[in-house]
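Heads up, the thing below is written out as structure tokens.
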Amino acid sequence: MRILLLEDDAQLGPWIQESLNSAGHVTDLLTDGRHALAAVTTQEYDIVLLDRMTPGLDGLSVLKAMRAAKNSVPVLFLTALGEVDDRVAGLEAGGDDYLTKPFAITELLARVNALGRRNSPVASAVSSTLTFADIELDLMSRQCRRQGKKIELNTKEFLLLEIFLKHPTRLQTKAMLLEKVWDLRFDPTTSVVETHISRLRNKIDKPFATKLLKTVRGAGYVLEQ
Amino acid sequence: MYWSNRIAQIRSLPKRSAIRQAALLTSIFLIILLLAGATGAWLFYKSILENTDIELRNRHQLLTQQILNSPPSTTVLPSSSFLFASLQEHDGRIYGPQHPKLFRRAGFQSLELFHLGDKETWRTYSANVGESKLTMAINMAPKYEVLEHGSELFLIMGVLTTLLTLITGLVIGLRAQQRLNHIHSTLDKVAEGDLSARIATAVGSDDLAQVAVRIDETNMRLESLLRQSRDLSANIAHDLKTPLARLRAKLETALSHTNPEQVSLCIEDALDQSDQMIATFEAILRLAHLNSGQYRQRFNTLVLADIVRETADIYQAVVEDSQHLFQLTIDSKVQIKGDRELLIQLIANLLENALRHTPTGSCIHLSCIDNSLSVNDNGPGIAAQYREKVLEPMYRLEHSRNTVGNGLGLSLVQSVAQLHKAQLTLKESQLSAQNPGLSVSLLF
């Protein structure tokens, strides 16, 4: 994907750029908000990453100007630690996601992937049944089957599995799952996500030979063969 | 130096509210007193005159009868220092005292006359008796003397009362001023940074005493907050030194390893360590944010039971998987103004605390009844003397120093509770008889 990164920190900027590029993206790094705004209006990007405080024009103003010009490129905000109001302001101005600094690069990559998919037309599922390998999830009748065997799931387990099936082989970080399944944006110190993943595994993986729901150590979970 | 101070003090006198007040009240009092005195005197004077006129007319009538019944020569006309009568015949002869003004006009007159030596004010009444003129006169001097004496007395009393009012006003005002000065100097000390300064001397229950009590309470709260934040900084430094040292050690070990697998293991550990530190910082910032009160602008109307149910939904599995017993009681329809996520975090913190500090097999009971929300456990509980302490940021009981956590969980609970104007209480739980455990309840 072509990514525009607005980040004025001399160390953080090149580091993020390098990480994104080594994950297969093409990243333009800019340090001035005015240059970033000029770039998004003249070139096509798949995703824009904006730092909140930048010289020239701050990230929020860049986003507002973009949205005012009917530019709907997905925008991910990089905010400083703990500034809750910044997050709200960013989302209200039309931002699609936010990430609090300092962040794990895996978290950023996972979110960039999720946003990129959202932008592509493939994401809209025509069928009401999601399948991956031998798992089937019927969104209409709310039934789950693996190898034809019916599996009983509660609401949250169903939602969890639905997220994995909608984005198979894509990493889902703990924070992303907390947001999508429970609508929580704080980090519980206990193993909320682990517990629910383990319960889901007991139902969809344990009785079967191939395990599909895998842990990516220190990053999150992924559904893959 | 002394004199310049004195002069400054005297110059500042009119500025003092006590003296101003006393002076103002006294002058108002004086004006009212003078007006009342003048009106009283005038009314008294009028009434003397009226009564005298009635007396004159009556005496004149009586004498007229006597004169008509007997010839004037034999009639004894009264003549004393208090009263006299004078008769002028039609031929000009005058019986009794002879004053040219006496017969000049019919009716009442006030005249200055020499009678029996002294020149005094007399009230006269003159009317015709047959063809003669009869004039009666009453000496007004003794009557006016009563008025004069009364006025003098009134003036003396007035001056005395005014002085007394002025002194009383000054004394009361100056005492209030003294107390105000004391409050002033205490506030000056506070402004200079001495938050331990208290007014404290105010006795009684008047408004000034109440203001003093309120100021003292505010200072006490400020002092405790400041101490907390000082402790917090020290605790942050202390609590982050350990993980930083560990982080450094991990990285150093990674550097010394040659086996790439072990290197990456060490680095993963180091990352975990730094994540923990980030989480602690995040919690500190969140706490600061909460205490700034900005959240309240984003409050919505929420059903308390829904929040509790949602949190229970998230945590039931977590509690059960860690070999604890989970109980849930919900019997409430109460709506509150609040922030959903903060409230979930509040309940989550309480549940996580209970999980962390109770042995496996303990029971954790989450309940929401009417406007009360509580988390009870039958773990070791917290001794009464520490129950207030544990709410302070980064305060950790000695025996829990080695458990996971940053000592901010309960502070966050308290801040969220305060933000929602809910009353937080820590007490012994009644969950089981042999193990009292801890009960944390919030009253919304």
Side-chain angles (χ1 to χ4, degrees), chain A residues 12 19 79-89 91-92 98-108 153-160 173-175 177-203 215-220, chain B residues 264-265 267-272 274-290 292 294-295 297-298 310-311 313-322 324 339-356 403-409 412 416:
Chain A
L12 202 55
S19 309
T79 70
L81 191 73
E83 288 168 0
V84 189
D85 283 342
D86 275 7
R87 180 243 286 177
V88 174
L91 294 180
E92 275 172 2
Y98 80 100
L99 201 53
T100 315
K101 288 185 207 169
F103 48 77
I105 202 72
T106 42
E107 184 79 39
L108 178 68
L153 296 177
N154 69 27
T155 331
K156 294 294 173 192
E157 289 161 353
F158 193 92
L159 195 52
L160 258 177
T173 66
K174 275 193 222 171
L177 290 175
L178 276 170
E179 280 175 35
K180 287 181 191 166
V181 181
W182 291 281
D183 191 19
L184 292 181
R185 283 163 198 282
F186 66 90
D187 181 24
T189 48
T190 45
S191 44
V192 169
V193 180
E194 289 90 329
T195 304
H196 286 92
I197 287 281
S198 121
R199 292 207 161 190
L200 181 61
R201 271 192 185 133
N202 282 344
K203 291 181 179 175
T215 306
V216 180
R217 207 177 127 68
Chain B
S264 67
L265 265 178
I267 290 181
E268 265 177 37
D269 276 358
L271 278 176
D272 274 353
S274 65
D275 280 349
Q276 265 179 41
M277 282 160 57
I278 290 168
T280 304
F281 268 117
E282 191 120 35
I284 293 168
L285 284 170
R286 197 166 248 254
L287 208 56
H289 222 79
L290 279 176
S292 74
Q294 290 168 334
Y295 269 98
Q297 294 158 4
R298 289 210 299 273
E310 200 179 338
T311 321
D313 196 36
I314 302 171
Y315 275 89
Q316 179 154 19
V318 180
V319 175
E320 285 169 2
D321 281 12
S322 60
H324 285 71
D339 182 289
R340 169 191 161 273
E341 196 170 311
L342 284 180
L343 289 168
I344 291 182
Q345 192 171 9
L346 180 153
I347 305 170
N349 277 1
L350 291 178
L351 291 174
E352 283 174 0
N353 258 348
L355 269 183
R356 205 172 289 143
T403 55
V404 195
N406 45 31
L408 291 168
L412 199 116
V416 174

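So you know, we letter chains A, B, ... as the sequences are listed, proteins then strands, and number each from 1. Remember, it's a predicted structure, so these values are computed and weren't measured experimentally.
Residues that satisfy the salt bridge (Lys or Arg N to Asp or Glu O under 4.0 Å) test with D313(B), not counting sequence neighbours, are absent from this structure. With sequence neighbours excluded, the residues satisfying side chain to side chain donor-acceptor pair (under 3.5 Å) with E194(A) are K174(A).
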(request) Determine, stepwise, if the pair L184(A) / I314(B) fulfils side-chain contact (heavy atoms from CB on, under 4.5 Å). (result) CA-CA 10 Å; L184(A) 292 181; I314(B) 302 171; 3.7 Å; yes
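Both the backbone and the side chain of R185(A) come within less than 4.5 Å of a heavy atom of chain B. Within the 4.5 angstrom heavy-atom criterion, no atom of I284(B) approaches chain A. Within the 4.5 angstrom heavy-atom criterion, atoms from both the backbone and the side chain of D183(A) approach chain B. When heavy atoms are compared at a cutoff of 4.5 Å, E341(B) approaches chain A by way of both its backbone and its side chain. No part of T155(A) comes within reach of chain B, as not one of its non-hydrogen atoms sits under 4.5 angstrom from that chain. Using a 4.5 Å cut-off between heavy atoms, A317(B) touches chain A through backbone and side chain atoms alike.
You'll find the side chain of E157(A) stays beyond 4.5 Å of the side chain of N202(A), heavy atoms only.
Shown here for L408(B) and T280(B), the closest heavy-atom pair between the two residues is CD1-O, 3.8 Å.
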